[in-house]
There are 2 protein chains.
Amino acid sequence: MARPARRPAASRADQEGPGLASVARLLADGTRATFCLALLDGRAWTPTELARHAGVAPSTATEHLNALVTGGLLAEERQGRHRYVRLADQQIAELIENLAAVAPPRPATAARTLSADNRRRALAHARTCYDHLAGQVGVAIADAMTARDLVDWNRGLHLTPAGEQWLADLAIAIPPTTKRPALRPCLDWTERRPHLAGAIGAALCAHALKAGWIRRVGTTRAVIVTPAGRELLGARLGLSEAVLTPDPH
Amino acid sequence: MARPARRPAASRADQEGPGLASVARLLADGTRATFCLALLDGRAWTPTELARHAGVAPSTATEHLNALVTGGLLAEERQGRHRYVRLADQQIAELIENLAAVAPPRPATAARTLSADNRRRALAHARTCYDHLAGQVGVAIADAMTARDLVDWNRGLHLTPAGEQWLADLAIAIPPTTKRPALRPCLDWTERRPHLAGAIGAALCAHALKAGWIRRVGTTRAVIVTPAGRELLGARLGLSEAVLTPDPH
DNA sequence: CGATCGCTTCGGCCGCCGCCGAAGTGACCG
DNA sequence: CGGTCACTTCGGCGGCGGCCGAAGCGATCG
């Protein structure tokens with residue numbers, strides 16, 4: 001006698017599972033995961049760039065991107081013969097960060113190649129996380145602002161009056177209230193400690209880039225703190241040179 | 001000539017992807033996803049219960065549970081010939097809820113069988129989400145507390161003084177401050193709108209169960225509002241009968 | 001208007017992994 | 001101390017899906 005039908009059909013299909021699983025499956029592939037982590041920089045990438053970044057053929061990248069767009073994780077824009085993809089919205093970005101934060105308790109870190117190790121170290125030092133700052137520097141800023149009573153973690157993370165003044169002194173406008181929370185903790189993927197996200201986290205990061213406190217490294221989402229940035233963050237937040245300088249190991 | 005090595009090896013393995021992907025892969029299977037959603041009720045289940053719930057053989061359930069435990073998503077406890085599994089911590093629970101919230105824009109809802117449809121409707125009406133209340137009732141409570149200025153969404157979600165008094169009147173103790181946020185919005189998976197989570201959300205739910213405002217339906221995480229609960233929520237929050245009664249359709 | 005370029009489609013290969021039933025193990029019960 | 005029960009291990013099957021290269025297609029550029 002033939003073995004019974006692979007699945008009792010009714011018993012599974014009407015479960016609540018599939019929705020969740022279909023989203024998770026999109027992130028369950030190493031290549032697609034690499035794409036999504038790259039897109040966490042908040043910018044739009046082309047299929048070719050992503051393919052090169054992940055080390056797969058362009059045709060493979062196309063297939064993955066189609067799946068991610070169809071699944072609602074990515075948004076796309078077509079311009080002439082170019083296609084640009086980016087994360088669909090910041091809810092997706094948060095989801096990916098959360099997922100990464102749950103990941104294995106440190107993969108023992110020993111990277112295969114020297115350049116890979118440098119890249120990894122640069123990302124751990126300072127990077128953008130979608131639209132705000134993360135890494136050792138991002139966490140250090142959050143810590144310093146907490147220590148100076150510029151932000152308060154009781155009753156939800158929020159700016160203190162002193163914090164509002166601090167931003168005003170730097171000529172950073174507080175974004176108008178929208179559905180997006182003004183200030184929100186984001187669990188840092190490398191540090192396992194929270195840094196500042198939300199509209200104000202984003203404004204701070206945008207200002208830091210515009211004012212030249214930090215600069216992107218190549219096309220990655222790693223950033224370095226410029227001399228001007230070091231001076232300013234030292235003066236305004238008491239951050240030490242050591243924290244603001246990439247580990248030269 | 002043989003085709004080149006499946007993957008250029010170096011180009012991929014040292015990427016940041018795998019960590020994220022390995023976690024996502026655990027949730028990418030329908031059966032494992034069904035397990036995790038069941039475990040969102042915050043209780044410990046046995047492999048046999050989960051196998052029956054998901055419609056698979058016990059041996060299959062064992063394999064999945066081993067994977068989930070090894071991956072850190074579940075915690076287990078052994079007692080004699082029994083094994084109990086539960087979600088590892090509430091960070092995992094949040095991750096799963098977030099993932100479910102991103103899932104497809106409603107699977108057109110038409111359930112296969114009558115009982116499945118009733119189950120679905122009961123869950124959509126009111127359920128526990130790990131350790132707090134969700135569903136139409138959970139969202140309605142959040143809305144009512146907002147309308148009555150018991151909670152404030154500016155500068156992060158938090159209780160107002162009136163909210164503290166309101167809890168005190170009901171003899172609900174505010175849990176001591178810990179690393180866990182006191183009050184936190186949790187995006188509702190069916191309503192797509194936030195309900196109340198965090199330590200206070202959990203305390204409220206625990207109290208509601210203990211005081212008999214709500215009661216679990218069988219062994220699912222669906223709950224119904226008792227007559228006593230209807231009266232109390234009507235009096236204290238102005239919730240209407242209609243909201244508190246499951247859709248009888 | 002031919003060459004190029006970025007992206008896509010297609011066919012085919014192959015490994016991974018979810019599934020089951022049968023048999024094994026250890027706890028518990030009468 | 002035999003029987004039962006919860007759970008586990010194992011072998012084997014079969015499908016899903018990620019990968020590539022070749023070929024196609026439309027936009028753009030000289």
Side-chain angles (χ1 to χ4, degrees), chain A residues 1-9 11-13 15 17-18 21-36 44-71 74 76-85, chain B residues 1-9 11-13 15 17-18 21-36 44-71 74 76-85:
Chain A
M1 174 186 166
R3 63 193 318 162
R6 216 110 238 330
R7 284 188 179 187
S11 177
R12 290 285 299 273
Q15 292 295 343
S22 67
V23 177
R25 192 163 62 244
L26 292 173
L27 297 169
D29 174 76
T31 301
R32 284 194 297 266
T34 301
F35 285 5
C36 289
W45 292 52
T46 67
T48 308
E49 285 169 345
L50 287 169
R52 250 180 52 85
H53 176 71
V56 296
S59 58
T60 303
T62 291
E63 288 169 0
H64 286 311
L65 292 176
N66 287 344
L68 289 167
V69 168
T70 303
L74 302 189
E76 69 179 0
E77 232 166 305
R78 309 248 175 182
Q79 284 178 24
R81 62 182 167 187
H82 297 285
R83 177 193 199 181
Y84 295 100
V85 292
Chain B
M1 174 186 168
R3 63 193 314 162
R6 215 109 238 331
R7 285 189 179 185
S11 176
R12 289 285 301 275
Q15 292 294 343
S22 67
V23 177
R25 193 164 60 244
L26 291 174
L27 297 169
D29 174 77
T31 300
R32 285 193 297 266
T34 301
F35 285 5
C36 289
W45 292 53
T46 67
T48 307
E49 285 168 344
L50 287 170
R52 250 180 52 85
H53 176 71
V56 296
S59 59
T60 304
T62 291
E63 287 169 1
H64 286 311
L65 293 176
N66 288 343
L68 289 166
V69 169
T70 302
L74 303 189
E76 68 179 0
E77 232 166 305
R78 309 247 175 183
Q79 284 177 25
R81 62 182 167 185
H82 296 285
R83 176 194 199 180
Y84 296 100
V85 292

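A, B, ... follow the sequence lines: proteins, then strands. Residue 1 opens every chain.
In the set C:dC17, C:dG21, D:dT9, C:dC17 carries the atom at the smallest distance from any side-chain atom of B:Arg25. Closest to the side chain of B:Thr62, from the set D:dT8, C:dT8, C:dC19, is D:dT8. In this structure, of C:dT8, C:dC19, D:dT8, it is C:dT8 that holds the atom nearest to the side chain of A:Arg78.
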Look for any protein N or O under 3.5 Å of an N or O in nucleotides 28-30 of chain D and output each such pair with its distance, or none.
none

Mind listing the N/O atom pairs, protein and nucleotides 22-25 of chain C, below 3.5 Å?
none

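When all heavy atoms of A:Ala61 and A:Ala51 are compared, the pair lying nearest together is CB-CB, 3.7 Å. Of all non-hydrogen atoms in A:Arg32 and A:Arg25, the two that sit nearest each other are NH2-O, 3.0 Å.
Not one side-chain nitrogen or oxygen of B:Thr60 sits closer than 4.0 Å to the OP1 or OP2 atom of C:dC19. Phosphate proximity of D:dG17 to A:His64: absent, as no side-chain N or O sits under 4.0 Å from OP1 or OP2. In terms of phosphate contacts, A:Arg32 brings a side-chain nitrogen or oxygen within less than 4.0 Å of OP1 or OP2 of D:dG18.
The CG atom of B:Asn66 sits 12 Å away from the P atom of C:dG18 (whole-angstrom rounding). Distance B:Leu68 CG to C:dC17 P: 14 Å, rounded to the nearest Å. What separates CZ of A:Arg83 from P of C:dT8 is a distance of 4 Å, to the nearest Å. Going from atom CD of A:Glu76 over to atom P of C:dG6 covers 18 Å, rounded to whole Å. Spacing between atom CD of B:Glu63 and atom P of D:dT9 amounts to 9 Å, rounded to whole angstrom units. Taking atom CH2 of A:Trp45 as the reference point, atom P of C:dG6 lies 16 Å away to the nearest angstrom. Whole-Å rounding puts the A:Leu26 CG to D:dG18 C1' distance at 14 Å. Between the C1' atom of C:dC17 and the CG atom of A:Asp29 lies a distance of 14 Å, rounded to the nearest Å.
Judged as a side chain to side chain donor-acceptor pair (under 3.5 Å), and not counting sequence neighbours, the contacts of A:Arg83 are A:Asn66, A:Glu76. The side chain to side chain contact (heavy atoms under 4.5 Å, CB included) test applied to B:Thr46 returns B:Thr48, B:Glu49, B:Tyr84, not counting sequence neighbours. Here A:Ala67 pairs with A:Leu26 under the side chain to side chain contact (heavy atoms under 4.5 Å, CB included) rule; sequence neighbours left out. By the side chain to side chain contact (heavy atoms under 4.5 Å, CB included) test, A:Glu63 pairs with no residue at all, sequence neighbours left out.
The one candidate from A:Leu50, A:Thr31, A:Leu27 that meets the side chain to side chain contact (heavy atoms under 4.5 Å, CB included) condition with A:Cys36 is A:Leu27.
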